[in-house]
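Whatever order the structure lists them in is the order used to number ligands and atoms, beginning at 1. Since this is a predicted model, take the numbers as computed values, not measurements.
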Amino acid sequence: MINLILFGPPGAGKGTQSQKLIEKYQLSHISTGDLFRYNMKNATSLGKLAKSYIDAGNLVPDEVTNNMVKDFIERTPSKNGYILDGYPRSSNQAKYIDNLLDDFKLSPALLLSLEVNEDELIKRLLERGKTSNRIDDQDESVIRKRQNVYQKETAPVKEYYDYKKRAYSISGLGDVETIFDRIAGVIQKHL
Ligand code: ADP
């Protein structure tokens, strides 16, 4: 089993690379963004709660997100492992998932960080906003807010995994296949 955290700012390409990793390594996908969007679309109580945070470019509170991930892992056992996409996004979430994997006797996660500069990120998100119906991608001020939240609240997650010697930086620039080869190169060493 291998558990991976696909890490990086909004627009780094986590969703695209996750899909390719799932196919190649037969992993179970946990995307907190997708789970929240599914709940918002179906107007569940979780979706209604998350919406105000998401529309403003803020993080949904840790306790809500952590519980959602725990429920998902409990309901979805995985033989080969999980790919965590967009989670953990705060130091509190990082500590929570480390303990949870340990409690469930699952392997500690490796963090793969996709590195992309801010100008490129904003360009990609505005482009995505034209075709997706994501409200949070259509307003440049919300996009910038998400980048600021990333720098302030999410970037420290990488330092936590650096300290644990489980973090890898990967350039997120170039074409999708080239980036995928870089990621697979790191994973191959841990299989
Ligand atoms: P992005 O495209 O900005 O990387 P996602 O599609 O992963 O974002 O998630 C969309 C929104 O859902 C985030 O801006 C945030 O409000 C919320 N969200 C997703 N994952 C988390 C998380 N781990 N903790 C708190 N909020 C989250």
Worksheet entry | Over all atoms of both residues, closest heavy-atom pair of V60 and I54 | CG2-CG1, 3.9 Å

Worksheet entry | Reported CD1-to-OG distance for the pair I2 and S107, which is rounded to 0.5 angstrom | 8.0 Å

Response to the item:
At under 4.0 Å between heavy atoms, what of N58 touches ligand 1? The answer is backbone

Practice prompt. Return the residue, atom name and 0.1 Å-rounded distance of the protein heavy atom closest to atom 9 (O) of ligand 1.
Written response: G33 CA, 3.4 Å

Worksheet entry | Nitrogen or oxygen of T32 less than 3.5 angstrom from that of ligand 1 | yes

Practice prompt. Check whether any N or O atom of Y87, backbone or side chain, sits under 3.5 Å from an N or O atom of ligand 1, and answer yes or no.
Written response: no

Worksheet item: Side chains of S31 and K14: do they bring a donor and an acceptor to under 3.5 Å?
Response: no

Worksheet item: For T178 and D181, does a side-chain donor sit closer than 3.5 Å to a side-chain acceptor?
Response: no

Worksheet entry | Closest approach of any protein heavy atom to atom 26 (N) of ligand 1, naming residue and atom | V60 N, 3.0 Å

Fill in: Contact summary for E115 and S169, nearest pair of heavy atoms
OE2-OG, 3.4 Å

Discussion item. Under 3.5 Å between any N/O of G86 and any N/O of ligand 1: does that happen in this structure?
Written reply: yes

Fill in: Minimum non-hydrogen distance to atom 4 (O) of ligand 1, winning option of R146, M68, Q147, R89
R89

Discussion item. Please check whether G11 reaches ligand 1 - meaning an N/O of the residue sits under 3.5 Å from an N/O of the ligand, judged on distance alone.
Written reply: no

Response to the item:
Atoms of ligand 1 under 4.0 Å from any heavy atom of Q93, numbered from 1 in the order shown, are 22 (C), 23 (N), 24 (N), 25 (C)

Discussion item. Tell me whether R128 reaches ligand 1 (any heavy atom closer than 4.0 angstrom to a ligand atom).
Written reply: yes

Practice prompt. If you have a sec, work out which protein heavy atom is nearest atom 17 (C) of ligand 1 and how many Å separate them, to one decimal?
Written response: I54 CG1, 3.8 Å

Discussion item. Using the ring centroid of each side chain, check whether H29 and F72 are separated by less than 6.0 Å.
Written reply: no

Discussion item. Out of the candidates L4, L27, L106, only one should pair with Y82 under the side-chain contact (heavy atoms from CB on, under 4.5 Å) rule; please name it.
Written reply: L106

Worksheet, complete the sentence: So for T65 against ligand 1, with non-hydrogen atoms under 4.0 Å, the contacting part is side chain

Item to complete: Look at the rings of F7 and Y150 and say which category their plane angle falls in: under 30° parallel, 30 to 60° tilted, over 60° perpendicular.
Response: tilted

Item to complete: Kindly give the heavy-atom pair with the smallest separation between Y38 and N42, and that separation in Å.
Response: O-ND2, 2.8 Å

Worksheet item: ligand 1 versus K51, non-hydrogen atoms closer than 4.0 Å: side chain, backbone, both, neither?
Response: neither

Worksheet item: Side chains of S141 and D139: donor-acceptor distance under 3.5 Å anywhere?
Response: yes

Worksheet, complete the sentence: K14 heavy atoms within 4.0 Å reach ligand 1 at atoms 4 (O)

Discussion item. Tell me the protein heavy atom at minimum distance from atom 27 (C) of ligand 1, and give that distance in Å.
Written reply: F36 CE1, 3.7 Å

